[in-house]
Amino acid sequence: MAVRRFVPEERLSDLESERRVISAMLHSEEACIEAYDSLKMQDFYHPKHQVVFELVCSLYEQEIRPTYVELLKEAHKLNLFRDPRDIEELKYIVEHFIDDENVRYWIKRVRDKSRLRKFEAFLRHYYQVLIEREVDDVEQLLMEAEGDLTNITALEVDDKVDTPYDLASLGYQEVERRFLRYKEIQEKHRGVIPLDGLTTGFDTLNHITLGYKPGDLIIVGAQTGHGKTAFALHTALAVAVRQHHNILYLNTEMSRVQIALRWGSILSNIEQDLIRRGDLTESQLSRVLQGYSLLRESGFYSYPCPNLTPEKTISIARKFKVQHDIRLMILDYVGRMDKITNNLAEWQVLEQIVKAQKMLAQNLNIAVMCLVQLNEDGTLQGARRMKNECDLMLKLLPISREEMEENEELKKYKRANYYLYIDKNRDGIGGVYIPIYFDKARQTMHDAERVSL
Amino acid sequence: MTWGLTNRRKQIQAELATLIYECHTQGRLSPEEMMCLLDILAALLDQGDTELANLLRRWASSGMGEKDALDINEIIRVTLVNTDWKDAFARAKGLELIRDLVSELEKEKG
């Protein structure tokens, strides 16, 4: 306590910044997401600000717009703010700090003061140690202090350095988990390997990759008109409709109606053209209706956005992670995103977009799938180096008539008309061509069936 | 992605919401009445519910508080308090009932 006397309170806190952050959260959704992601309750110095911040976050998680009125209602439910002075402080924030610009600046100030308080506590603690006892092992004390100080200076709150012990334990746990799982597979599942991540919707691809895992960036390339969106919706069908995981689908090209109609075709297995024209029998209409009832119960969240920017994808993904705990985000497609920086070459911009998506996948612990355009020769348009960033790169390649007739291997499959080519697979084998059947009329895909011998 | 309220509106809302909350903490409004008034305030200012605003205005000028209309006024008050103004179906039903009752009051007033 001796040290505390000499540190003025205002040096360890910045109430104005705290108010501005909370006010910005009440004013704008982007600010709300930013602060939600960057701050913790204890970063606020003022106890009332801590409570208000928690209330705003709790409302936001419940998908309730955190307005002043909603805050008052929530506070009433939780029996908070009984003192008129509490309300005065809240009202003051709402009325006087309504600027949401530069929210990152205010967040940084709040965090910096929070770190300063931790530093002050650190100093106080070791000063107290020196007052209270004779230090025999000076080396040990200094090492401890150094460790604590490093946590304040170099690391974010959630960062963690693995000691050799941590890493060895983690490694053994993982191997043991896999060993037990493998035994279980042999005994119970007759050799079918369960997935590590989300299903890909293709048995062969599941077998090779063990699914789309959290933190993975998956790039899927195809030429124009060769199934990019069909692949995206096939993935959505497998993950969101059949397995009921929540996913976010961002489309830069298609309207809401177009996306909804595509689903009609996919879920009813009726040709897209017939659905578009409305040329259906009563029984087909009933199938369409049944299909949409599956969509209604699914975890498919769609966000058609023709003017999508990398910044917006990050903001939207964070929002959906908080509110719907999404497991996968599909970006359809990268080449159509608005590029804010004009002074960079196209490949540089595309590379940056993809890098941002990889970081997003890791930070939110979700899988992110980006659809990209391929050139006619099957190379990646715009940015070859995108491949370096991803964990899995898939290409949809049409099988030519000549190849169908000449390739003996293909003759073992029924109706294979496309290859799903694994160009890169960080966790397993790459360079594999998987024959699939792509029904363009119905916009559906599946593994090509093997001809029984 | 701003929440969509202008600064002026925000200030008005803050003033009114604080007043309502304080009336409750001073015991002049029941918890239900406070919640109802906050919901109505949000409906008027956040969602710009002009239909509800017009109806309340009509009620205010139709003899609200006059002795011979006490029963009807009480039904309107209870309807306002018990309606979930965020629920579209409940809102439509509530508005319909209040509209009928206000018309009744207007007729009585002549």
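The structure displayed is predicted, hence computed values, not measured ones. Order of the sequence lines fixes the chain letters, A, B, ..., with proteins taken first and strands second; residue numbering starts at 1 for each chain.
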S.K.: Counting only non-hydrogen atoms closer than 4.5 Å, does A:L72 touch chain B with its backbone (N, CA, C, O), its side chain (CB onward), both, or neither?
M.R.: both
S.K.: Tell me whether A:M41 at atom CE has more than 12 heavy atoms from other residues, nucleotides or ligands lying less than 6.0 Å away.
M.R.: yes
S.K.: So B:H24 and A:H76, do their side chains get closer than 4.5 Å, heavy atoms only?
M.R.: yes
S.K.: Given heavy-atom pairs under 4.5 angstrom as the criterion, report whether the side chain, backbone, both or neither of B:E15 touches chain A.
M.R.: both
S.K.: Using 0.5 Å steps for rounding, measure from the CD1 atom of A:I87 to the CG atom of B:L19.
M.R.: 12.0 Å
S.K.: Side chains of A:Y68 and B:T18, heavy atoms from C-beta outward: is any pair under 4.5 Å?
M.R.: yes
S.K.: Side chain, backbone, both or neither: which part of B:L41 has a non-hydrogen atom closer than 4.5 Å to chain A?
M.R.: side chain
S.K.: Below 4.5 Å, heavy-atom pairs only: which of A:E70, A:K312, A:K91 has the largest tally toward chain B?
M.R.: A:K91
